Amino acid sequence: MLEALDAPYLQRALVAGLLLSVPLGLLSCWIVLRELAFFAHAVGVATFPGVVVGLALPALGPFAGALLAALGFSAAISASEADHRLRGGAATGLALAVALAAGAVLLTALGAGAAPVDRLLFGSLLAVSSADVLLCLVGAAVSVGVVALLLPRLAATTFDRAWATPAGAGERVTASAILGLVSLVVVCALPAVGSLLVSALLVAPAASARLITERLGPMLAWATGLCAFETVVGLLLARALDLPPGAAIAAVAGLGFGLLAAARAAANRRMRVAPT
Amino acid sequence: MTLASAALDWIAEPWGSGFMRRAFAEAVLCGATLGALGCFVLVRRLSFLGESISHTVVLGAALALALGVPLGIGGVVIGVATAVLTGAIASDRRFSADTATGILLPALFAGGVALLALTGGGRRLDDFLFGSILGVGAGDLVLAGLVALAVVTVLAVAGKELVLVAFDRPAAKALGYRVGLLDAVLLTAVAVAVVVGLRAVGSILLAGLLLGPPVAARLLCRTFWPMAALAAALGAACGVGGLYVSWHVEVGAGPAIVLVVAVAVGLAALAGAIRRRGDGGGRAAPRAVVR
Amino acid sequence: MSADGSPTVATSGLSVSFGSRQALDDVSFELWSGTFTGVLGPNGAGKTTLLGALLGTITHRGSARLVGRPAYVSQAGAVDASFPIDALGVVLMGRYPRLGWRRRPGADDRARAHEILEQVGLAAEARTSFGALSGGQRQRALVGRALAQEGDVLLLDEPLTGVDAPSAEVLLDVFEAERRSGRTVVMTTHDLAQAARVCDRLLLLNRSLVADGSTDEVFRPEVLRRAYGGELLLVDGQTALLDDAHHHHHDR
């Protein structure tokens, strides 16, 4: 197995994965605390038609296509939540199905030049190029910078929007920044993880961290660490068992949460039984 | 050839093929069933859970394949388990339903994809993802028919109780209704309908048939039962329409159906907006505006 | 009053509507510093809307002016109690607007936060997570946050609703202390007796301003009936209200 680590394609995937686990881990905390998991899943899926179009138009490229699709989708979804009859995510669910359907149709229409569907949906270890790694670095740096800058506002508006808004926290700016960053990081992760399962790293690590700690700072740290660990384990597993990397990573992330939840439950039971 | 006869040909052509006739029947049955149930998913704000179940049933199918058990059984078991586990995680005050669903959807779906890859069922993955309505056999139709019948029965027997629970859960409890049981009935029905719908449009597109017709109906109706009836009718109609598009334009049936649903929702939104402007009424719910 | 003796909170012809529903209708009043005003009214009277208009988060017609920095304690429901934060963290959050949203709280801020925790009786709970606090303790932490803002006008939206008696006493002492140090304190409530006890001025709101004055001026049966629209029942010299749905025969 260790000789396999010499393979440049695997090294690139690991480096990209480690770079991205920082913004993914940080953002996952805000996804969990602000209840944006559905959004994160939907944005991931919505990049699919963008990638297809981007691949067909060399001038655009898959990265730009995916990013435009993700940002456009975010804007449309935010707008639709205003209609009270559709609150609860119905528009999100419908829109992501439509995006997928459009992507599938475009794929057949634009011909065999496009990449095979499974790779777009679940990622591929072979798909991560050096250019992608560079993009991951830039994406990670931008995300970490913005989150660090906005941290007090994020905390205040997530905890209590009614107080934070008149206190000047700039709820709209903060919310838009998060949506934009999620789009950026999702697009960076697409080559390795694919569009259908990228949301795993945007929810499970933070949820696991929340099982471990009651404070925000440690939660951010744990989420990042867990994300990195699960990404690496998932990538190695994908290589070893010849699985699509997206599936391996998502399964590991879910398993991580399950194990931690079970450990917590066992610890609680022991505490209750122990004599005081 | 006149325009009229060309149009008639256009309409009649697919009916010549046996597989298309069966596909039409399946589309009508699945579209109507999912459309009606989707209305409950919509008003109970369970769209994410519906999306989740439509993905996690793939794990159920993969397990069933591996164990040599009927796919439907595996799908329903995992589908119901998804709902139960989601509720379990969400009962922890630190986790919302959104988070709970966000944990389980990718984890279980990935498990299904991985299992299929490991057990050599990978060829079936595309079918599960995008549906295989053109391969529907008589057995599938019987199953879809029975499920549709079962859903109609459930709605006839417990429909108004389900609506009460959706509208005002505390009141339903206070009136002595067994809210937990009603939830279980609804979620099981959704899981079963999702498993059957897997054939028609596939796992990842299923939200289109589950949520689209209800959304369109909601934009046109003010009360629940007309909405449910309209959603069922729209679901069936979009299923048929999508198959026509798929036949004549040569795109996949699943995606075609969902895109026809999208058009229907767009038209409904337009019609609704025009009607509201005619009424002179404003937005129904008050919103405070941030200066 | 502010430096030149003018009111710190003033509205004139304030009206707010949401779609076809009129929430506030032509409300006009003035408040000065060093006062503790209670805003009373039944549910749906527009109390929260009034505060929103003063804070600038709700669009309105007419004017709603607030001189100086407001500190706001919203109704309990808006807070995410599952957020990973402790009582000290909640109070510290009150320093953010003063610091500017980019700087982190320093040693001075932490010292002040500890003082405030002492003041609201949460010194022992500084490191307890917010979600683990009781309802009364949570409310004290949120008031502590408002104190940390060191605003000039303290706007409290039903701060004592559902709060246990000891916590309520602590909070009322805090509000009185703020009043004495020259702040303008405004508290919405539906507890008539409590407002009568602690506030020096009462505004009776039912979409429009039904009454404005001291306790004696406002607590007259016909005034209360106009605000609440119900029957009055006198019990042991205290006034209680029954709403229109219940009709009892009673001896006076």
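Quick caveat: nothing in here was measured; it's all calculated off a predicted structure. In what follows, every chain begins at residue 1, and chains take the letters A, B, ... in the order their sequences are listed.
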Q | Evaluation steps, side-chain contact (heavy atoms from CB on, under 4.5 Å), between B:Glu51 and A:Thr92 | A | CA-CA 10 Å; B:Glu51 164 81 351; A:Thr92 307; over 6 Å; no
Where does [X] contact chain A at under 4.5 Å (heavy atoms): side chain, backbone, both or neither?
X        : value
B:Leu104 : neither
B:Val265 : side chain
B:Leu108 : neither
B:Val261 : side chain
B:Leu209 : neither
B:Ile257 : neither

Between [X] and [Y], is any pair of side-chain heavy atoms under 4.5 Å apart?
X        : Y        : answer
B:Leu129 : A:Val117 : no
B:Ile204 : A:Val45  : no
A:Pro244 : B:Val113 : yes
B:Arg94  : A:Leu211 : yes

Look at [options] and state which one has the largest set of heavy-atom pairs under 4.5 Å with chain B.
options                      : value
A:Ala247, A:Gly89, A:Ala40   : A:Ala247
A:Leu196, A:Ile249, A:Leu241 : A:Leu196
A:Ala42, A:Ala97, A:Gly254   : A:Ala97

Write down the atom of [X], the atom of [Y], and the distance for their closest heavy-atom approach.
X        : Y        : answer
A:Ala101 : B:Leu205 : N-CD2, 3.6 Å
B:Gly208 : A:Leu94  : O-CD1, 3.9 Å
B:Ala117 : A:Leu243 : CB-CD2, 3.7 Å
A:Ala37  : B:Gly102 : CB-CA, 4.0 Å
A:Ala251 : B:Ala110 : N-CB, 3.8 Å
B:Phe130 : A:Ala104 : CE2-CB, 3.9 Å

Q.
For A:Phe257 and B:Phe95, I'd like to know if the aromatic rings sit close, meaning centre-to-centre distance below 6.0 Å.
A. yes
Verify the neighbour count for atom [atom1] of [X]: are there more than 12 heavy atoms of other residues, nucleotides or ligands below 6.0 Å?
X        : atom1 : result
A:Arg215 : CZ    : no
B:Arg93  : CZ    : yes
A:Arg161 : CZ    : no
A:Phe229 : CZ    : no

Under 4.5 Å from any heavy atom of chain B, what part of [X] do you find: side chain, backbone, both or neither?
X        : value
A:Arg34  : neither
A:Ala248 : neither
A:Phe39  : neither
A:Leu96  : side chain
A:Ala90  : both
A:Glu214 : side chain

Q | Audit row: B:Thr99, A:Arg210, side-chain contact (heavy atoms from CB on, under 4.5 Å) steps and yes/no | A | CA-CA 11 Å; B:Thr99 300; A:Arg210 191 73 180 85; over 6 Å; no
With chain A as the partner, which of [options] has the greatest number of non-hydrogen pairs under 4.5 Å?
options                              : answer
B:Val251, B:Leu42, B:Leu118          : B:Leu118
B:Val41, B:Leu105, B:Leu206          : B:Leu105
B:Ser52, B:Gly38, B:Pro255, B:Ala107 : B:Pro255
B:Leu219, B:Val249, B:Leu46          : B:Leu219

Q. Between the main-chain N or O of A:Phe38 and the side-chain N or O of B:Asp98, is there a donor-acceptor pair closer than 3.5 Å?
A. yes
